[in-house]
Amino acid sequence: EPEPKPDSDGLDGDDLGVSDSLGLTLPGMRREQSAPSRRAELDGKDVMSPYPVATRFERRRALAAAITDTLYVFDFLELLNRALEMEWNKFARENPSKAVRRPRRLVDSTELVLAPRDSQATGTDGAGRGDKSGAATPASGTGTGDDDDVVLVEAHRPPGSNTIAMVAWRLTLFTPECPDGRDMVIIANDITVKAGSFGTAEDKLFEKASAYARERGIPRLYIAANSGARIGLAEEVKKVFRAAWVDPQDVTKGFRYLYVTAEDYEALKATGSINAQRVEEDGEVRYRIDDIIGKDPDLGVENLRGSGTIAGETSRAYSDIFTLTYVTGRSVGIGAYLVRLGQRTIQKAESAPILLTGYQALNKLIGSSVYTSNQQLGGPKVMYANGVTHEIVDNDLEGISAVIKWLAYVPRFRGGPLPILERENDVVDRPIAFKPSGAYDPRHLIAGYMKSGDADAGEDDADAEATAGAGAGSGAGAGAGAGAAATGEWVSGFFDRGSWRESLASWARTVVV
C-alpha cells in the first residue's frame with residue numbers, strides 16, 4: 001500500500017491534531033514535533049504548552065545589559081555583519097558609476113573551543129563538557145607545551161553552548177578592501193557567565209586562541225567585558241564552618257579560630273576541601289581549619305597564575321601581529337592589563353571603564369567617599385586623555401564599525417601587502433590645494449577640508465565618517481554642517497580624500513596622530 005501523500009505544508013494529516021491541557025493524547029492527535037533535521041525549543045512538548053516569556057538568548061541579552069550595559073557576546077557576530085553592510089553601502093555610494101558586486105556572505109565564523117588532547121572528536125568549553133555537535137576539527141599548532149591536557153579545535157555548535165566565561169572565533173570578513181575575504185581571530189568575554197571572570201579554563205582558551213592567531217599571522221581582536229580574575233568561595237565549607245569567639249556574649253571582640261564539627265569534617269575530608277587539626281574544647285571535638293582548598297577548581301591563586309600567562313601571551317601577540325581591543329563593558333584587573341598590553345584600544349563612552357579595582361574599594365581604603373563611580377577611575381575622560389584609549393564610540397555598532405575601519409589599514413596577514421581600495425575621481429597625480437597661511441588646523445593640511453563660501457566648513461558627511469577620529473574635536477575639519485558640505489568646495493590635502501583617520505585625539509593635543 002502506498003505511503004499517504006503529505007499535505008501541502010509537508011505534514012501528514014495526523015500531525016495536525018492537538019493534545020489536551022492535561023497532556024493526554026486524543027485519537028488522531030500528536031504531540032508537537034519539528035522536522036527531523038531541526039531541533040526547536042518546543043520539540044516533544046505538548047502543543048498546548050505556553051510559549052516562554054523570554055527565550056534563552058533574550059535572557060542572556062537582558063543579563064548582559066543589566067551587568068554592564070553591553071550586548072550578549074554572540075550578538076557581536078551579527079553586529080559585524082551589519083557594520084560590513086554599512087561599509088559596502090558606503091563604498092557603492094562613493095563609486096556610483098562602478099559595478100560594485102557585494103559578496104552574498106559578509107561574515108563566515110567558526111568557533112574555537114578546547115578539547116582533551118587524547119580525544120579531539122568533540123570540542124569542549126574547557127570545563128570538560130562536549131559541544132553536543134560532534135563536529136570539531138583539530139587546530140594544529142596551537143599547543144603551548146607537551147604538558148597541556150587540552151588543545152584548540154574548530155567546532156560548529158549552536159550559539160550560546162559555552163559554559164565558561166570566554167569564547168573565541170576564527171572569522172573571515174569580506175570587506176571592500178578584501179572582497180575575497182580576510183581572516184582574523186576574535187576573543188571575547190561572556191559577561192553572562194560568572195560575570196565574565198577569568199578562571200583557568202578561560203585563561204587557557206584565551207592563550208591558545210591568541211597563539212592560533214600568531215601562528216597564522218592574522219589580526220586578533222579582543223572584546224573586553226569582564227570582572228577580572230576569579231576569586232571563588234568554597235561553598236561546601238561556607239555552609240558549615242563555625243567561629244570560636246573570644247567572648248560568645250560579645251562577638252565584636254573577634255574570634256580565636258574557625259572550625260567545623262567532627263561530622264562535617266568527615267564529609268569535607270572526603271572531598272579534600274580543608275586541612276584541619278583536631279582539638280577538644282568545652283567537651284566538644286572540633287577540627288580547627290588551617291587551610292581552605294575547596295572541592296571545585298578555579299577558586300584561588302591558580303587563576304592569578306593564568307592571568308600572568310595570558311598577559312605574557314598578549315605582549316607576544318602585540319609584537320608578532322596586529323592586536324586591537326574593543327572595550328564594550330567594564331574591564332577589571334587582568335582585563336585592564338590585557339587592554340593596555342594590546343596597545344590599540346577603542347572604548348565605549350558609557351559603562352565601559354578600564355580599572356584595576358572598583359571605586360568602592362578605594363573609598364574604603366581612603367576612608368572617605370572620594371569617588372562616586374568607576375567612570376571617574378577608568379572612563380574615557382581618564383583613559384582617552386592619558387593615551388590608553390585611541391578612539392571613543394557611543395554604542396556597540398559604532399565600536400564594531402570602528403574596528404572594521406581600522407582593519408582597512410592592516411594587511412590581511414603578517415608581512416602581506418597593504419590593502420588598496422580604488423575610488424572614483426581619486427587621481428594619483430593631483431595638486432595639493434591647501435596652502436597654509438597664518439594659524440591653521442594641521443588636519444586640513446593632512447586630509448583636506450570642505451570649504452563653503454568664506455568659511456571653512458570641514459568635510460562632507462561621507463568623508464567625515466571615514467576620516468574623523470572619535471571624540472570631540474577629532475577628525476579632519478571637525479564641526480562641519482551637512483548643508484555646507486553639500487554646497488561646498490573640496491580643498492585637497494596631502495592624503496587621498498577619505499583615507500585619513502585620527503586617533504589619540506584627546507592626548508597630547510599639540511600632536512596630530
Side-chain angles (χ1 to χ4, degrees), residues 219 221-222 224 314-315 317-319 321-327 331 336-349 352-355 375-394 398-399 401-411 418-419 430 432-451 455-460 463-480 485 490-513:
L221 170 66
Y222 171 43
T314 299
S315 295
Y318 173 71
S319 298
I321 57 175
F322 175 79
T323 57
L324 179 61
T325 301
Y326 172 48
V327 184
S331 196
Y337 280 113
L338 295 177
V339 170
R340 188 67 186 110
L341 291 170
Q343 300 293 330
R344 306 173 189 89
T345 304
I346 300 169
Q347 185 179 14
K348 194 164 67 174
I354 305 168
L355 61 156
Q375 290 289 98
Q376 292 178 282
L377 299 175
K381 290 184 179 179
V382 177
M383 295 302 171
Y384 196 32
N386 66 16
V388 171
T389 296
H390 292 68
E391 290 190 38
I392 296 296
V393 295
D394 291 328
E398 288 185 12
S401 294
V403 169
I404 297 298
K405 290 180 173 66
W406 206 326
L407 283 174
Y409 298 86
V410 179
L418 291 172
R430 57 174 171 79
I432 298 175
F434 180 79
K435 296 180 180 180
S437 60
Y440 67 93
D441 190 338
R443 296 171 181 83
H444 292 172
L445 176 62
I446 294 171
Y449 69 101
M450 186 66 70
K451 184 177 182 181
D456 295 345
E459 291 196 350
D460 60 323
D463 292 325
E465 180 184 358
T467 61
S474 66
W490 176 252
V491 180
S492 61
F494 277 160
F495 292 107
D496 295 337
R497 183 175 181 177
S499 68
W500 182 71
R501 284 181 61 82
E502 182 176 5
S503 64
L504 296 170
S506 187
W507 175 73
R509 295 201 174 199
T510 58
V511 179
V512 179
V513 181

Participant: Could you report the tightest heavy-atom contact between Ser331 and Ala224, atom names first, then the distance?
Facilitator: OG-CB, 3.8 Å
Participant: Has His390 got a side-chain atom pairing as donor or acceptor with Thr345's backbone, closer than 3.5 angstrom?
Facilitator: yes
Participant: What I'd like to find out is whether the side chain of Leu221 reaches to under 4.5 Å of the side chain of Trp406, using heavy atoms alone.
Facilitator: no
Participant: Given side chains that start at C-beta, do those of Tyr222 and Thr323 come closer than 4.5 Å, heavy atoms only?
Facilitator: no
Participant: With Glu391 as reference, evaluate Arg501, Gln347, Lys405, Arg344 under the side chain to side chain donor-acceptor pair (under 3.5 Å) test and give the passing residue.
Facilitator: Arg501
Participant: OG1/Thr389 to CZ/Arg340 distance, rounded to the nearest 0.5 angstrom?
Facilitator: 9.0 Å
Participant: Work out which heavy atom in Phe322 is nearest to a heavy atom in Leu407; give both atom names and the distance.
Facilitator: CE2-CD2, 3.9 Å
Participant: Gly387 and Leu504: which non-hydrogen atoms are nearest, and at how many Å?
Facilitator: O-CD2, 3.5 Å
Participant: Taking side chain to side chain contact (heavy atoms under 4.5 Å, CB included) as the test, write out the residues that go with Phe434, two or more places apart.
Facilitator: Pro436, Tyr440, His444, Leu445, Tyr449, Val491
Participant: How close do Pro419 and Ala408 get, counting heavy atoms only, and between which atoms?
Facilitator: CG-O, 3.1 Å
Participant: Find the distance between CZ (Phe495) and CD1 (Ile446) and round it off to the nearest 0.5 Å.
Facilitator: 6.5 Å
Participant: Distance from Leu355 atom CG to Met383 atom CE, nearest 0.5 Å?
Facilitator: 7.5 Å
Participant: Does some side-chain heavy atom of Ile346 sit less than 4.5 Å from a side-chain heavy atom of Val393?
Facilitator: yes
Participant: Can you list the residues that meet the side chain to side chain contact (heavy atoms under 4.5 Å, CB included) rule with Ser492, with sequence neighbours excluded?
Facilitator: Arg430, Ala433, Trp490
Participant: At what distance, to the nearest 0.5 angstrom, does CG of Leu341 lie from OG of Ser315?
Facilitator: 4.0 Å
Participant: Is it the case that the side chain of Glu398 and the backbone of Lys348 share a donor-acceptor pair, with hydrogens and angles ignored and the cut-off at 3.5 Å?
Facilitator: no
Participant: Evaluate Leu338 against Thr325 for side-chain contact (heavy atoms from CB on, under 4.5 Å), listing each step before the verdict.
Facilitator: CA-CA 9 Å; Leu338 295 177; Thr325 301; over 6 Å; no
Participant: Of all heavy-atom pairs between Pro353 and Gln375, which one has the smallest distance, and what is that distance?
Facilitator: CD-OE1, 3.5 Å
